[in-house]
There are 2 protein chains.
Amino acid sequence: MEYDAYIQTCPTRMVLDRLADKWAVLVLGRLDDKPVRFNQLKREIDGISQKVLSQVLKKLERDGLVSRAIFATVPVTVEYAITPLGRTLSATVDALRRWAEDNIETVLAAQQKYDRAAV
Amino acid sequence: MEYDAYIQTCPTRMVLDRLADKWAVLVLGRLDDKPVRFNQLKREIDGISQKVLSQVLKKLERDGLVSRAIFATVPVTVEYAITPLGRTLSATVDALRRWAEDNIETVLAAQQKYDRAAV
DNA sequence: CCGTATCCTCCGGGATACTG
DNA sequence: CAGTATCCCGGAGGATACGG
């Protein structure tokens, strides 16, 4: 099966592709505590551009992982929040986070050994 | 903190960046059963190019997730196998796989709702 | 069989400027 | 404040050819 076909029939790949996104996990993590406004998010996630933040939020909203609330203040206020579904994903990502933290030393050691051998 | 600096100090991001790789998870999954040779792997993972497969295997080997064994047959045989460390990561990825399978319907429904509203 | 080397294309994403 | 529009560049990755 070709990759394009595969990705559309494989839930895991869909989720991984979302998490793979350079910024999506950071956004989700940032929303975990409390709802945040667009520019606040942009300030807090250093280095992200307006365009990319906008794209990431749209994808997350489309997947039902993040919600978007508009308040008719002047000027307008938009708040992004994690959804219950997003929260369950966030919890699952924590398992991966734990693996990473538990094994980072081993991985780094393997890398150094590999690099030394390559010289 | 800039992203480049962030990624080097964040184990989670390192791991996610590895999993994010278009093919790494597929390779790891393919090795989960038994060791496989290079061209065999290339045939089984449809659509991957020699160059990319080679790159992915090198990264996984560097991280200590995959091992490489050379047999002095004629012509030479090279077998790639998952390491114990790789196997623990693979197990953790399963948690994500389960989340994906359990929630794919919800996500797809959210996407369709989003798309209908956007018309 | 197991790769590396080279070329080339495509597009993700940054910078910048502008709008409701 | 909350985005969209446009331009542009670097790097990922496919195709192809060649080397050990």
Side-chain angles (χ1 to χ4, degrees), chain A residues 1-7 13 16-27 30-31 34-62 66-81 114 117-118, chain B residues 1-7 13-14 16-27 30-31 35-62 66-81 114 117-118:
Chain A
M1 177 163 38
E2 291 296 327
Y3 184 78
D4 279 351
Y6 177 76
I7 194 174
R13 194 95 283 290
L16 277 175
D17 272 6
R18 179 67 67 251
L19 297 180
D21 189 295
K22 207 177 170 183
W23 304 104
V25 172
L26 287 179
V27 171
R30 205 64 211 72
L31 294 179
K34 58 174 191 330
V36 185
R37 284 173 297 124
F38 186 88
N39 278 338
Q40 182 68 19
L41 220 39
K42 181 174 178 334
R43 271 190 301 274
E44 293 189 0
I45 302 177
D46 204 16
I48 196 168
S49 69
Q50 272 192 334
K51 185 174 113 178
V52 172
L53 178 56
S54 175
Q55 287 170 344
V56 168
L57 285 170
K58 264 185 191 162
K59 286 181 188 173
L60 291 174
E61 193 197 351
R62 180 167 185 268
V66 158
S67 64
R68 184 173 180 273
I70 308 173
F71 301 96
T73 52
V74 179
V76 64
T77 300
V78 178
E79 252 184 22
Y80 291 89
Y114 182 93
Chain B
M1 178 162 35
E2 290 297 326
Y3 184 78
D4 280 351
Y6 176 75
I7 196 175
R13 193 94 284 289
M14 279 191 59
L16 278 175
D17 273 5
R18 179 68 65 251
L19 297 181
D21 190 293
K22 209 177 171 183
W23 305 103
V25 173
L26 289 179
V27 171
R30 200 63 209 73
L31 295 180
V36 186
R37 282 174 299 123
F38 186 88
N39 279 339
Q40 181 68 19
L41 220 39
K42 181 174 179 332
R43 273 190 300 273
E44 294 189 0
I45 302 178
D46 204 17
I48 197 168
S49 67
Q50 271 192 337
K51 183 175 113 179
V52 172
L53 177 56
S54 173
Q55 287 171 345
V56 167
L57 286 171
K58 264 186 191 162
K59 285 181 189 175
L60 291 174
E61 191 196 352
R62 179 167 185 269
V66 158
S67 65
R68 183 172 182 273
I70 307 172
F71 300 96
T73 52
V74 179
V76 64
T77 300
V78 178
E79 252 184 23
Y80 291 91
Y114 182 92

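Just so it is clear: chains get the letters A, B, ... in the order the sequence lines come, proteins before strands, and each one is counted from 1. The figures that follow rest on heavy atoms only: side chains count, while hydrogens, waters and symmetry mates do not. Everything numeric in this text was worked out from a predicted model, so none of it was measured.
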Looking only at non-hydrogen atoms, find the nearest pair between [X] and [Y] and report the distance.
{"X": "B:Ile48", "Y": "B:Lys42", "result": "O-NZ, 3.7 Å"}
{"X": "B:Arg18", "Y": "B:Leu60", "result": "CD-CD2, 3.8 Å"}
{"X": "B:Tyr80", "Y": "B:Leu31", "result": "O-CD2, 3.4 Å"}

Whole angstrom value for the distance that separates [atom2] of [N] from [atom1] of [X]:
{"X": "A:Leu26", "N": "C:dG13", "atom1": "CG", "atom2": "P", "value": "13 Å"}
{"X": "A:Gln50", "N": "C:dG14", "atom1": "CD", "atom2": "P", "value": "12 Å"}
{"X": "B:Lys42", "N": "C:dT4", "atom1": "NZ", "atom2": "P", "value": "14 Å"}
{"X": "A:Glu44", "N": "D:dC1", "atom1": "CD", "atom2": "P", "value": "13 Å"}
{"X": "B:Glu79", "N": "C:dG3", "atom1": "CD", "atom2": "P", "value": "12 Å"}
{"X": "A:Leu41", "N": "D:dA2", "atom1": "CG", "atom2": "P", "value": "10 Å"}

**Prompt:** Does a side-chain N or O from B:Tyr80 land closer than 4.0 Å to OP1 or OP2 of C:dG3, or not?
**Reply:**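 Answer is yes, contact under 4.0 Å.
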**Request:** Would you tell me if any nitrogen or oxygen in the side chain of B:Arg68 comes within less than 4.0 Å of OP1 or OP2 on C:dG3?
**Result:**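 For C:dG3, OP1 or OP2 has a side-chain N or O of B:Arg68 closer than 4.0 Å.
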**Request:** Assign each of A:Val76 and B:Asn39 to its nearest nucleotide of DNA chain C by heavy atoms, then name whichever residue's nucleotide is nearer the 5' end.
**Result:**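 Its nearest nucleotide being more 5', the pick is B:Asn39.
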**Contacting residues from residues 51-60 of chain B, given that a heavy atom lies under 4.0 angstrom of DNA chain C** =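 Output list: B:Lys51, B:Ser54, B:Lys58.
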**Request:** Go through B:Asn39 and B:Arg43 one step at a time and tell me if the side chain to side chain contact (heavy atoms under 4.5 Å, CB included) criterion holds.
**Result:** CA-CA 6 Å; B:Asn39 279 339; B:Arg43 273 190 300 273; 4.0 Å; yes
Pick out the pairs of N or O atoms, protein on one side and nucleotides 9-11 of chain C on the other, that lie under 3.5 Å.
none

